[in-house]
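Numbers here are sequence positions counted from 1.
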Amino acid sequence: MTAFEPTPPPGAPPAAYDAVVLAGGAARRLGGVDKPAVRVGGRALLDRVLGACADARATVVVAGPRPTARPVRWAREDPPGGGPLAALDAGLRHTTADVVVVLSADLPFLHEDTVRTLLAALSGAPDTAGALLTDADGRDQPLVAAYRAPALRRELAAVTREHGALTGLPLRRLTGALDLTRVPDPVASFDCDTWDDIATARARIREHGHVLDEWISAAKDELGIDLDVDIKVLLDLARDAAHGVARPAAPLTTFLVGYAAGRAQGGPEAVAEASRKAAALARRWADEAAAAKADAAPDATPDTRPDAG
């Protein structure tokens, strides 16, 4: 077994892969609720996981169909509720890529960079069958992993021959026979098994360092848009509009920038260009206001000293 320190190049395109998301568990410690539909930061846990594997060629969700933020293919183990090994087998049957990212649907802090790190770890260890995360206690998390699909299919067939069926079998029957690379990540591996876990996740995403990114992601899901923009540019624009014009000008101006970019049928570049124009306008307003104040200032008090010339 090997360990891997994740060092994926920022923005590097991921290797081609399919994704299988297991979302059909009984959630007994949550009282049997539909756990993938539980919201953290205003987004369903399933949608948060689907966002992390948006680069997948195909995404298969093993569960009963329900609305999702992006299109997926649905699959079901037979019989339903047959456990993670049976669910993985059912999802894998709908994939064709040589690499499959396997995820559970209860990972609130999973990010696309995590998936890219796993893919990089697998690529960097060509003799291994997969790369998985380990949690804060060093425990393997086989449902946050990238696997070589031929190795999974081979071992699933072997387990089926040994036991006659996969129903009710734990994942360790599969992963125990595979040579795997470990990637430590106590945050991305955090899963929500209890209501205390849900409360912890909801509190963390409202911390100062996370809240804006979380809010933007939730808003994009809710509005059905997939547009990456420079948040700093928009915040700077809002500041300039508030200071140079009036405080209510900040939200109105950012709305108008988005509307203008949409009318231009543009992407992030159109948002940046509209922001540049609006910011320049706000600065001109501020300059004019400053000049007007200077013009309205009373003349300096005359010097009345006896020796004043």
Side-chain angles (χ1 to χ4, degrees), residues 3-8 14 19-56 59 61-63 68-69 83-84 87-88 100-122 130-147 170-172 175 180-218 221:
F4 179 84
E5 290 297 329
T7 54
V20 174
V21 180
L22 307 189
R28 293 183 181 87
R29 285 192 280 174
L30 287 173
V33 302
D34 182 10
K35 182 164 65 168
V38 173
R39 294 183 178 272
V40 173
R43 301 166 69 199
L45 283 170
L46 176 57
D47 283 335
R48 299 179 73 88
V49 172
L50 292 178
C53 60
D55 289 327
T59 300
V61 180
V62 186
T68 53
L88 174 58
V100 177
V101 171
V102 178
L103 304 167
S104 61
D106 60 353
L107 302 164
F109 305 128
L110 190 69
H111 190 271
E112 61 184 5
D113 287 345
T114 312
V115 172
R116 293 184 178 194
T117 295
L118 287 168
L119 293 170
L122 184 60
L132 54 73
L133 292 193
T134 56
D135 65 16
D137 296 320
R139 293 173 298 199
D140 287 353
Q141 299 297 313
L143 294 183
V144 201
Y147 296 100
L171 273 173
R172 64 177 177 273
T175 56
L180 302 172
T181 292
R182 269 75 181 171
V183 180
D185 193 330
V187 176
S189 62
F190 180 89
D191 56 1
C192 292
D193 290 328
T194 67
W195 286 114
D196 283 345
D197 294 336
I198 296 291
T200 297
R202 287 173 171 168
R204 185 178 186 276
I205 65 168
R206 284 170 172 77
E207 294 173 359
H208 180 69
H210 308 280
V211 66
L212 278 182
D213 287 338
E214 290 289 348
W215 167 249
I216 293 299
S217 295
D221 272 3

Original post:
For V61, which of L50, L22, V49 qualifies under side-chain contact (heavy atoms from CB on, under 4.5 Å)?
Top reply: L50
Subject >> Test side-chain contact (heavy atoms from CB on, under 4.5 Å) applied to L132 and V144, D140, V102, the passing residue >> reply: D140
How far does [atom1] of [X] sit from [atom2] of [Y], to the nearest 0.5 angstrom?
| X | Y | atom1 | atom2 | result |
| --- | --- | --- | --- | --- |
| T114 | F109 | OG1 | CZ | 11.5 Å |
| D193 | D106 | CG | CG | 6.0 Å |
| L119 | D55 | CG | CG | 9.0 Å |
| L118 | T181 | CG | OG1 | 10.0 Å |

Of all the heavy-atom pairs spanning [X] and [Y], show the shortest one and how long it is.
| X | Y | result |
| --- | --- | --- |
| G41 | I205 | CA-CD1, 2.9 Å |
| P36 | A23 | CG-O, 3.3 Å |
| A201 | P108 | CB-CG, 3.8 Å |

Taking [X] for its side chain and [Y] for its backbone only, find out whether a donor-acceptor pair lies under 3.5 Å.
| X | Y | result |
| --- | --- | --- |
| D135 | D137 | yes |
| K35 | C192 | yes |
| Y147 | L122 | no |
| R202 | V40 | no |
| D47 | R43 | no |
| R182 | L133 | no |

With a 4.5 Å cut-off on side-chain heavy atoms, are [Y] and [X] touching?
| X | Y | value |
| --- | --- | --- |
| T134 | V183 | no |
| V33 | V38 | yes |
| L143 | L171 | yes |
| L110 | F190 | no |
| D191 | Q141 | yes |
| C53 | L103 | yes |

Subject >> Flag for T194-D196: side-chain donor and acceptor within less than 3.5 Å >> reply: no
**OP:** Any chance you could lay out the side chain to side chain contact (heavy atoms under 4.5 Å, CB included) test for L88 and V62, step after step, and finish with the verdict?
**Re:** CA-CA 8 Å; L88 174 58; V62 186; over 6 Å; no
**OP:** Would you please test R204 and V187 for side chain to side chain contact (heavy atoms under 4.5 Å, CB included) and show each step?
**Re:** CA-CA 11 Å; R204 185 178 186 276; V187 176; 4.0 Å; yes
